[in-house]
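Treat the numbers as computed from the prediction; the structure is a model and nothing was measured.
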There are 2 protein chains.
Amino acid sequence: MWRNGANMSCIINIIPLLMGIIRENQRIARTQKYALTFDKMGVIMNRNDSTCGGSMATIRDVARLANVSVSTVSLAFSQPHRVSESTRLRVQEAVERLEYRPNGTARDLRVRKTNTIGVLLHNLSGPFYSELIRGVEEVADRLGLTTIAAGCSGYEGQGSVRLLHEARVDGAIVLDPSIKSGDLLRYAQESLPIVVLDRPLSRDFQSDYISAVAADHELGGFLAGNHLLDQGFRRFAVIAGPVESEDSRLRHLGFFRALRAADIDTVTIPVIHSDFTELGGMRAMGTLLEQGWTLDAVFVANDEMAIGALQVLEEHHVMVPHDIAVMGFDDIRLARYVTPSLSTIHQPMYELGQAAMKKLEGALNGTSTGGLEILPVTLVPRSSTLALLASEEDRAHGS
Amino acid sequence: MWRNGANMSCIINIIPLLMGIIRENQRIARTQKYALTFDKMGVIMNRNDSTCGGSMATIRDVARLANVSVSTVSLAFSQPHRVSESTRLRVQEAVERLEYRPNGTARDLRVRKTNTIGVLLHNLSGPFYSELIRGVEEVADRLGLTTIAAGCSGYEGQGSVRLLHEARVDGAIVLDPSIKSGDLLRYAQESLPIVVLDRPLSRDFQSDYISAVAADHELGGFLAGNHLLDQGFRRFAVIAGPVESEDSRLRHLGFFRALRAADIDTVTIPVIHSDFTELGGMRAMGTLLEQGWTLDAVFVANDEMAIGALQVLEEHHVMVPHDIAVMGFDDIRLARYVTPSLSTIHQPMYELGQAAMKKLEGALNGTSTGGLEILPVTLVPRSSTLALLASEEDRAHGS
DNA sequence: TCTGTAGATCGAATCGTTGCGACCCCAAAA
DNA sequence: TTTTGGGGTCGCAACGATTCGATCTACAGA
């Protein structure tokens, strides 16, 4: 009969009564349980008081010891002025005796935010990223947010993505081409805004919760071009980054724009695409030399490759900048120290980090500024492109 | 009457009956509810299907849509073979339709571990740490753990310490002198073991849950000393790190041990303590020059300072290694590129990272190896200490 | 027909917090 | 004396997952 849906109505009618009974019953049971564990607490407490450590004390332990309710303890932390002096002191003492530390995980679950933002990098390598992270941290600290960085080295869908996938952070700053845009689109939400630093916002990569900050790569290329022209160079080659790299494309574009403005035919300029690594730069430069081009200067899409190129040139006894000038991009620390020191375009990494974090902040508190922010870059001329040096060498050579 | 504990027994007696009723009832109710929310789901789904996003779906939503219980959904994830084919498929589909993603925070709370380990660094700067983190990540990934790095830049008790204080990680690797040993002692627990890379385990800094990994700094100093002696240098100076730095002290110690073994009086050797920075190295070298010592070689406690020293020497037209040889320590990337290239002691950062993580693993799964592990270092001779070069320069100079 | 067993599923408790609403009590206002 | 009010507390219901033991079903063997 009970199984029969036909007379369900009568059952439903008695539910409130039953519920009441059960409820009351549970209350009694609970009370008993408390009494029980109270005794047990004695043991646990001793354990905690001794140096042995044992498992962590919880807010309930504190409440018990201070003889107040759990809510009061919580209140004592969050709004101390709302609890009486004496209570606050008792809580305080209990906290110390038990070495209580709040459980961040539980809090995060309850308040549904982590107060943590993640910086996802391709690898944490290098002087290059450290400035950026510093910029992020500086802003985040001011906002009371914790910054954690995760590298995405190697494998697919590794650890760092877990931060996004399982909502372990409140927001993220991404600088890692190996994280697919599709994934980012899937992860980005109102509750998890993302700022990308390594890719443009295209038509099919757009969301209210994704914004971008970037250096003005195109301007950088343009500055580089103008600088090389200023120094009197006329016959160029380009060592570009991977074809997929939008950054590299823009640098390339700006460079060509400068050349065209000076009526130089860019069509005949040799371009080699490599992979942004030192080794890649060496290989690219090697190819260029083998092919026997007559060159005044080479524009390399990043410093790493440029340094590789310098090494190859040195091996082939090609004088820089006398025979061929070399221009890099990024202004990594090394650029200043190689011989000859490398002319390059400075990316304001620290400011990029700051800007990214500020954008994230906007998205987090709803006053989103959205879209794309572009920061200017600056030219850093050094020895590797100095015409003056080239002619000095000339003289030395001629004498 | 119900509230009166006196006739509780009678209540208790009827409980099984009531339970049965309630249970059956709930079953019916559930069926209804399912039917009900099923309709609602349509709406919610639309919300989710549209681009608007909305709040995250929970495991309950999935259960509802797949028409199974929450536990079954959970089971379908953790032990797929325990649920029937058809159920698994329904769950799978619901997951996709709702774009369900498990809430890591909730899981962490329930299972009382985060599967995350933290790497706490002084700042994330540099080629120096990146190798280390790579080593850590490589091991951690294999263990299914996520690695997160946090810099401890600036302020007291900043963000990164929150990871430890609020038990947001299962373990930590610390390489940041600014984190006080006392704090580490307080945080280290069975449930949160710590491996330190930047300090020795002394008598008053010891715990079952703290272990250490370090490079053999003393050996490094010894190798450096022997190398300089081999090259024929006899009159030395030392630019050491901060007095607090145990690492610097050991390097210094090893260096002197080598000299003493060669019957060189170490008491008359000038020692300047600086701060491990490039600028500090410049100031220290400047002082040394001002004081007018006659020197063959300077042993500098890290590369950063050594590079500063090189710059000062160049400014003063002191030829390296001809007039004075310079030896660094660490083997940072820059060392290879400065002019002249810097002889140094290579610290196996990658291996240090690996070793630290392996030690942490041991502590995490109870098979703790504990204590201190010391990894060997290697000599990397380059131009800045080459006697051969010195004499070549001699010839060039003489001609 | 009954029992035993294994596979599939479910309910309910639990993890440690937070915060809302309710409560109690005492003093000031009516 | 009765309201009002507010400061100080407390109880309870979440938050979203996991997991243990119980229940249900179906089917094989006795």
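- Between A/K358 and A/E361 there is no salt bridge, since no side-chain N of the basic residue sits under 4.0 Å from a carboxylate O of the acidic one.
- Atom CD1 in B/I59 sits roughly 14 Å away from atom C1' in C/dG11 (whole-Å rounding).
- Summarising the geometry, atom OG belonging to B/S74 is positioned 4.5 Å from atom CD1 belonging to B/I59; distances are rounded to the nearest 0.5 Å.
- Under 3.5 Å, the side chains of B/T105 and A/R112 contain no donor-acceptor pair of N or O atoms.
- At whole-Å resolution of the value, CG in B/N103 and P in D/dA14 are 17 Å apart.
- As judged by a 4.0 angstrom heavy-atom cut-off over every strand, A/R101 is placed among residues touching the sugar-phosphate backbone only.
- Salt bridge present: A/D108 and B/R168 bring a charged side-chain N and a carboxylate O closer than 4.0 Å.
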_A/I194 vs A/L184, side-chain contact (heavy atoms from CB on, under 4.5 Å): CA-CA, chis, key distance, verdict_ = CA-CA 8 Å; A/I194 295 178; A/L184 293 183; 4.0 Å; yes
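- The backbone N or O of A/E85 lies less than 3.5 Å from no partner atom in the side chain of A/T87, so there is not a single donor-acceptor pair.
- In this structure, CG of A/D108 is placed 15 Å from P of D/dA17, rounded to the nearest angstrom.
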*What is the per-nucleotide protein-contact pattern of nucleotides 4-10 of chain D, from the 5' end, where B denotes a base atom under 4.0 Å from a protein heavy atom, S denotes such proximity for sugar-phosphate atoms only, and - denotes neither?*
----SBB
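- For residues 110-117 of chain A, proximity to DNA chain D is found at A/R110, A/R112, defined as any non-hydrogen atom under 4.0 angstrom from a strand atom.
- For the helix from C/dT1-D/dA30 to C/dA30-D/dT1, the end axes, each set by the C1' atoms of five terminal pairs, are bent relative to each other by 60° (nearest 10°).
- Across the protein-nucleic acid pair, B/R168 atom CZ and C/dG16 atom P stand 15 Å apart, rounded to whole Å.
- Close to D/dA17, at under 4.0 Å from its OP1 or OP2, lies no side-chain N or O of B/S74.
- One can place CG of B/L89 at 14 Å from P of C/dA8, the figure rounded to the nearest angstrom.
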